[in-house]
Amino acid sequence: IQRRFPGRVTWLKQRIGDMEPSSRLLWFMSLRLAPLCPAWFLNVAAPLTPLPLWMFIVATIIGCTPSSLLLVKTGATISSMRPGEDVLKNNAGSLLMLLAIAAMVFAIPFFVGKRLAHTEQEMEA
């Protein structure tokens, strides 16, 4: 992977290496949640970075679960539909619940990151 994508691997190493250890988990989780960086690249390049294995595992589980649940529920809904049937007819509540859960998980890195920044500012003052 270093031969094929040297610039991207170097960028990932530097970003993770320059961060405070408490920020690494949130940053990697946000990479998992946002479709900006391909998941296969994160999976292959993570061992080349100073990111601990437990952080990789936690960020992967938290980052991939909401979208996976939403995709599974969507597929199950579509497969059980009859032609001309409304998608929201029988599943509106459960779909809205999954969307709410996904939104809360997507917000975790933002709110925790703000909290960490606020705590660090208080410690400096």
> What's the spacing between Trp27 CH2 and Arg15 CZ if we round to 0.5 Å?
Replying inline: 5.5 Å
>> Return the OG1 to CZ distance between Thr10 and Arg8, rounded to the nearest 0.5 Å.
In response: 12.0 Å
> ring-ring contact (aromatic ring centres under 6.0 Å, His included) with Trp40: which residues, sequence neighbours excluded?
Replying inline: Phe5
Got a list of side-chain donor-acceptor pairs under 3.5 Å for residues 97-104, not counting sequence neighbours?
none

Taking distance alone, no hydrogens or angles, what donor-acceptor pairs closer than 3.5 Å link side-chain atoms of residues 45-61 to residues at least two apart or in another chain?
from, atom 1, to, atom 2, distance (Å)
Thr49, OG1, Ala46, O, 2.7
Thr49, OG1, Leu51, N, 3.4
Thr60, OG1, Arg32, NE, 3.3
Thr60, OG1, Arg32, NH2, 3.2
Thr60, OG1, Phe56, O, 2.7

